[in-house]
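One structure below.
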Amino acid sequence: MKKCFDEKLTFQNLLEAHERASDGKKNKKEVILFTMNLETNIISIMDRLKKGTYKFGKYREFKVYEPKERVIKSLPYIDRVVHQWYVEEFIKPFFCQRFISDTYACLDNKGTHKAVYRLQHQMQAMKRIYGEYIILKCDIKKYFYSIDKRILMNILKRTIKDKKVIKFSEVILDDLDVLGIPIGNYTSQYFANIYLNELDHYVKEVLRIKYYIRYMDDFIFLLPTKKRCFKYLL
């Protein structure tokens, strides 16, 4: 769709975005304050988005240490509502149908348990076919911090034809650094999946690897020999 931005910019869609963003957080101060002036706040968001003047606030940073040390960035609540709207109305409809079936992180009706179940199924299949086989487990060091936003924008532009959606995507990604997207943003989960969806399709369609699973930046190949493993590693 070439003109979907304005069509999706409705009070109801933003209200539903607020309901998703506030799920499990309704007792937090910033959510309560937003809800106290709900209609005014949503109309204000609509007006700024329509005029192209919406600006995101400053990040709050904190560290988590499990499963490893990471810097998490959190935007003000109003911005998280906008992120929910953007992902639901533009990212999911345009991109989720393009993902391979065996990617499992941060997607509706997926998750770790289904990824584990699917991996077990693939391992059983490899056992039946080859007897012995090799598991090649890979990950990308500091993945979110290494994403090239120029490449990401080019991927988005290949699929999204509405200029307003593209311009707003640039606003979301806009900061001083070319590399890296913040861990903690709802949009980042989907941007990260979109970025590695390129790898998924290369693995399935060019390398023709049947047994392969990805969970964000962790991905596993099931291969019949060490020789094949070394071939793909190199």
Side-chain angles (χ1 to χ4, degrees), residues 1 3-66 70-96 105-111 144-145 147 149 152-153 156 160 162-177 180-195 216:
M1 296 174 64
K3 294 183 178 180
C4 57
F5 187 89
D6 292 331
E7 292 177 9
K8 299 294 185 180
L9 185 54
T10 67
F11 187 94
Q12 183 62 34
N13 285 344
L14 285 166
L15 178 62
E16 291 173 2
H18 155 65
E19 291 170 352
R20 292 191 301 273
S22 65
D23 188 32
K25 304 179 182 68
K26 289 183 171 60
N27 292 328
K28 291 196 172 184
K29 181 179 178 180
E30 60 180 339
V31 179
I32 293 171
L33 291 174
F34 184 91
T35 306
M36 286 174 64
N37 295 287
L38 182 59
E39 184 174 341
T40 300
N41 285 326
I42 290 181
I43 291 172
S44 174
I45 292 172
M46 287 180 63
D47 184 59
R48 284 181 285 161
L49 287 171
K50 186 174 184 178
K51 291 178 179 177
T53 59
Y54 192 92
K55 300 295 182 184
F56 290 95
K58 292 184 178 181
Y59 283 100
R60 178 175 65 91
E61 294 188 4
F62 58 95
K63 287 186 177 181
V64 296
Y65 298 92
E66 294 294 338
R70 295 179 298 170
V71 176
I72 306 297
K73 294 186 177 182
S74 177
L75 283 168
Y77 178 73
I78 188 171
D79 296 331
R80 301 203 295 274
V81 172
V82 173
H83 276 198
Q84 282 279 348
W85 170 75
Y86 170 82
V87 168
E88 189 70 25
E89 305 303 334
F90 307 116
I91 297 301
K92 287 185 178 180
F94 283 119
F95 289 98
C96 285
C106 307
L107 298 173
D108 295 341
N109 302 313
K110 293 293 185 77
F144 280 75
Y145 305 121
I147 290 174
K149 287 183 284 193
L152 176 59
M153 279 306 308
L156 295 178
I160 299 173
D162 187 319
K163 292 181 179 179
K164 286 188 177 181
V165 178
I166 289 297
K167 185 176 181 180
F168 190 63
S169 301
E170 291 171 343
V171 172
I172 292 174
L173 290 169
D174 183 40
D175 58 39
L176 296 176
D177 298 319
I181 59 177
I183 299 174
N185 278 356
Y186 186 55
T187 51
S188 292
Q189 301 172 15
Y190 285 86
F191 287 150
N193 266 323
I194 290 168
Y195 199 77
M216 198 53 76

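- Distance alone, capped at 3.5 Å, is enough to place a donor-acceptor pair between the D162 side chain and the K164 backbone.
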Would D174 and F56 count as a side chain to side chain contact (heavy atoms under 4.5 Å, CB included) here? Give the steps.
CA-CA 10 Å; D174 183 40; F56 290 95; over 6 Å; no

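- K26 NZ: more than 12 foreign heavy atoms inside a 6.0 Å radius.
- In this structure, CZ in R60 is found 10.5 Å from CG in L75, a value given to the nearest 0.5 Å.
- The two residues P182 and K73 have their closest heavy-atom pair at CB-CD, 3.7 Å.
- Taking both residues in full, the closest heavy atoms of A192 and I181 are given as N-CD1, 4.2 Å, listed atom of the first, atom of the second, then distance.
- Looking only at distances, a side-chain donor or acceptor of D79 sits under 3.5 Å from a matching main-chain atom of G57.
- Of the possible polar contacts, none joining the R80 side chain to the Y186 backbone as a donor-acceptor pair under 3.5 Å is found.
- When every heavy atom of I78 is checked against every heavy atom of R48, the shortest pair comes out as CD1-NH2, 3.4 Å.
- Residues E16 and N13 have side chains in contact (heavy-atom distance under 4.5 Å, counting atoms from C-beta outward).
- Separating the CD atom in E61 from the CD1 atom in I72 is a distance of 10.0 Å, to the nearest 0.5 Å.
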Kindly indicate, with the supporting measurements, whether the criterion side chain to side chain contact (heavy atoms under 4.5 Å, CB included) is fulfilled by N41 and M36.
CA-CA 9 Å; N41 285 326; M36 286 174 64; over 6 Å; no

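- Within the 3.5 Å criterion, the main-chain N or O of L173 finds a donor-acceptor partner in the side chain of K149.
- Looking only at side-chain heavy atoms (C-beta outward), S22 and K28 stay at 4.5 Å or farther from each other.
- In this structure, the side chain of S188 does not engage the main chain of G184 through any donor-acceptor pair within 3.5 Å.
- Contact annotation: the side chain of H83 never approaches that of Y190 to less than 4.5 Å [non-hydrogen atoms, C-beta and beyond].
- In this structure, the side chains of Q189 and V87 stay at 4.5 Å or more apart for every pair of heavy atoms.
- Considering only heavy atoms from C-beta on, L156 comes within 4.5 Å of I194 through its side chain.
- Side chain of Y77 to backbone of H18: a donor-acceptor contact under 3.5 angstrom is found.
- Atoms CZ and NZ, from F5 and K163 in turn, are 15.0 Å apart once rounded to the nearest 0.5 Å.
- You'll find the side chain of L9 reaches within 4.5 Å of the side chain of L14, heavy atoms only.
- With a 4.5 Å cut-off on side-chain heavy atoms, Y86 and F168 count as touching.
- A heavy-atom distance below 4.5 Å is found between the side chains of L15 and Q12.
- Counting non-hydrogen atoms of neighbouring residues, nucleotides and ligands closer than 6.0 angstrom, the NZ atom of K50 reaches no more than 12 such neighbours.
- When I172, D47, V171, V82 are each tested for a side chain to side chain contact (heavy atoms under 4.5 Å, CB included) with Y54, only one passes: V82.
- Between E89 and K8, the shortest heavy-atom contact is OE1-CD, 3.3 Å.
- Going from atom CZ of F94 over to atom CD1 of I160 covers 6.0 Å, rounded to the nearest 0.5 Å.
- Interatomic distance, CZ of F95 versus CG of L107, reported as 13.0 Å (0.5 Å rounding).
- Listed for the S169 side chain is a donor-acceptor partner under 3.5 Å among the backbone atoms of V165.
- Taking CD1 from I32 and NZ from K25, the interatomic distance works out to 14.0 Å, rounded to the nearest 0.5 Å.
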List the steps, then state whether side chain to side chain contact (heavy atoms under 4.5 Å, CB included) holds for L33 with E30.
CA-CA 5 Å; L33 291 174; E30 60 180 339; 5.6 Å; no

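- Of the possible donor and acceptor atoms, one in the side chain of N193 sits under 3.5 Å from a partner among the backbone N and O of A105.
- Between W85 and F90, the angle of the ring planes goes over 60°, which puts this pair in the perpendicular group of the 30/60° scheme.
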